[in-house]
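Step one of this worksheet: look at the structure below.
Letters A, B, ... mirror the listed sequences (proteins, then strands); counts begin at 1.
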Number of protein chains: 2
Amino acid sequence: MAVTDEAIEKIKGMIVSGALRPGERLPKESELASELGLSRNSLREAVRALSLIRILDVRQGDGTYVTSLDPQLLLEALSFVVDFHRDDTVLEFLAVRRILEPAATAMAASRISEQQLDALGAQLDKLGANPSVEELVASDLDFHRGIVQSSGNSVLCSLLDGLSGPTTRARIWRGLTQEDAVSRTLHEHRAILAALRDRDGEAARSWATVHIASVEQWLRSTL
Amino acid sequence: MAVTDEAIEKIKGMIVSGALRPGERLPKESELASELGLSRNSLREAVRALSLIRILDVRQGDGTYVTSLDPQLLLEALSFVVDFHRDDTVLEFLAVRRILEPAATAMAASRISEQQLDALGAQLDKLGANPSVEELVASDLDFHRGIVQSSGNSVLCSLLDGLSGPTTRARIWRGLTQEDAVSRTLHEHRAILAALRDRDGEAARSWATVHIASVEQWLRSTL
DNA sequence: TGCGCTGAGACGTCGGATGTCTCAGCTCAT
DNA sequence: ATGAGCTGAGACATCCGACGTCTCAGCGCA
């Protein structure tokens, strides 16, 4: 195995074993390199790789730190990976989302706060009846994120965030400008919100399913 | 932005835009470095990072290639990330799995082949009534993987694979040697298989839910 | 007391040298 | 003619040392 890969494993081991705690600072590159028995260049490759997936946080002029290791942070790397997929697998991602999002919405029904409900309502009101596509996409993203956050499961939240990342979402919405898609989306959002207000988990789940299924159907027909 | 990060973005762009196709070979390091306007050392950091998340495949003495970009391959990186999470977030991962796995099992009910059903049955038979913990863990992993593969959604499959990776799973099962957990697990597996044979998606979903919920409950009580 | 400067320390980048590995193509015996 | 085995070119692996840039703490001055 290459020394760099060994270094990655060793650093991973130090973190998993607890020798390096979240937020803690690593020895400086030259020291860590000699500790692990490799050159600074090779060590840097390992550090760079771990920093891409948000395990390490490198600050020039300061030092290298272990991140908080929040699920939110780590799963952020997922969206990077998702970006590489082309349209042919988008349907599969969407299918997964169709499983997760309704479940998350249902979970949120019993936990979401009044303030959060009000905030979501205000957001929908602000959008108006004839938003631009860009506004709608941004609003859609915020709306669902807001709900999923209230599910109380940060892993679930990050996962959905990654799955329905800007790229995927934007690609789906593009070309959807015509039709009654906009008004239907707005209507579905209001229905979801109403179900949440009623604390009706099953209704919320159903509306969320319908909401995503309609996108899925449209996408399937155009592909 | 650091030159290495720029390089990562540029390589990513080349792949996403289609300039570099899956399986294709990259220019040699020195050429690519000068193309992108940075040193070979810095470029190597970028390449190493992309290779950690399975975007690139570096073969010494040969060259650097774009991987197949299969969802399966890319989401493999997920398990690497999951490894970093400690017990306090395992419950959240498990909750997500409790959402996905029953859905996948239900999907499989209508698609799984007779051969696959037979193979799963044979696997359970081979295990016997008193397997060791290690055998049970391996069997459990295989059993669920086999079913989820029959869901026909490779993203879903890889995602579940990552979520219930060896580490998490092993950690959960450790200490579960006593009790009636083993026999109950075997019984639940048989029930899931029977539901699949009946092509009864809802029964399969329910058994899968029960199966995971029991692990979740046990874990919650010991944490 | 507070602002601003300054220097030590840490990461960022580079160029070059050398080792190791892979693969294609050649040689040669069968 | 064919196959094994050798060999050399090419590509990645690793290291070294040097210099640039940035951050932050601490000093000095108003």
Looking at the base of D:dA13, is there any donor atom on it, or on the side chain of B:Arg40, that sits under 3.5 Å from an acceptor on the other one?
yes

Using a distance-only criterion (donor-acceptor N/O pair, under 3.5 Å, no hydrogens), is the base of C:dG15 paired with the side chain of B:Asn41?
yes

Output the rounded distance in Å from [atom1] ([X]) to [atom2] ([N]).
X: B:Leu50; N: D:dC12; atom1: CG; atom2: P; value: 15 Å
X: A:Met1; N: D:dT14; atom1: CE; atom2: C1'; value: 17 Å
X: B:Glu45; N: C:dT13; atom1: CD; atom2: P; value: 7 Å
X: A:Leu32; N: C:dG9; atom1: CG; atom2: P; value: 19 Å
X: A:Asp5; N: D:dA13; atom1: CG; atom2: P; value: 9 Å
X: B:Arg48; N: D:dA11; atom1: CZ; atom2: P; value: 19 Å
X: B:Glu29; N: D:dT14; atom1: CD; atom2: C1'; value: 11 Å
X: A:Gln60; N: D:dC19; atom1: CD; atom2: P; value: 18 Å

Taking the inter-plane angle between the rings of A:His189 and A:Phe143 on a 0 to 90° scale, is it parallel (under 30°), tilted (30 to 60°) or perpendicular (over 60°)?
parallel

I need the B:Ile8 CD1 to B:Arg48 CZ distance, nearest 0.5 Å.
12.5 Å

Give the minimum heavy-atom separation between A:Gly146 and A:Gln116, together with the two atoms involved.
O-NE2, 3.1 Å

Nearest of D:dA11, D:dT14, C:dT13 to any side-chain atom of B:Lys28?
D:dA11

[N] OP1/OP2 closer than 4.0 Å to side-chain N/O of [X]:
X: A:Arg59; N: C:dC11; answer: no
X: B:Arg44; N: D:dC12; answer: no
X: A:Arg25; N: D:dC24; answer: no
X: A:Thr64; N: C:dC11; answer: yes

5′-ward residue of the pair B:Ser30/A:Ser42 relative to DNA chain D:
B:Ser30

Both A:Asp62 and A:Leu38 contact DNA chain D. Taking the nearest nucleotide for each, which residue is further toward the 5' end?
A:Leu38

Side chain to side chain donor-acceptor pair (under 3.5 Å) for B:Gln123 and B:Ser139? Distances and angles first, verdict last.
CA-CA 8 Å; B:Gln123 185 205 318; B:Ser139 166; 3.2 Å; yes

Assess whether a salt bridge exists between B:Lys12 and B:Asp5, defined as any Lys/Arg side-chain N lying under 4.0 Å from an Asp/Glu carboxylate O.
no

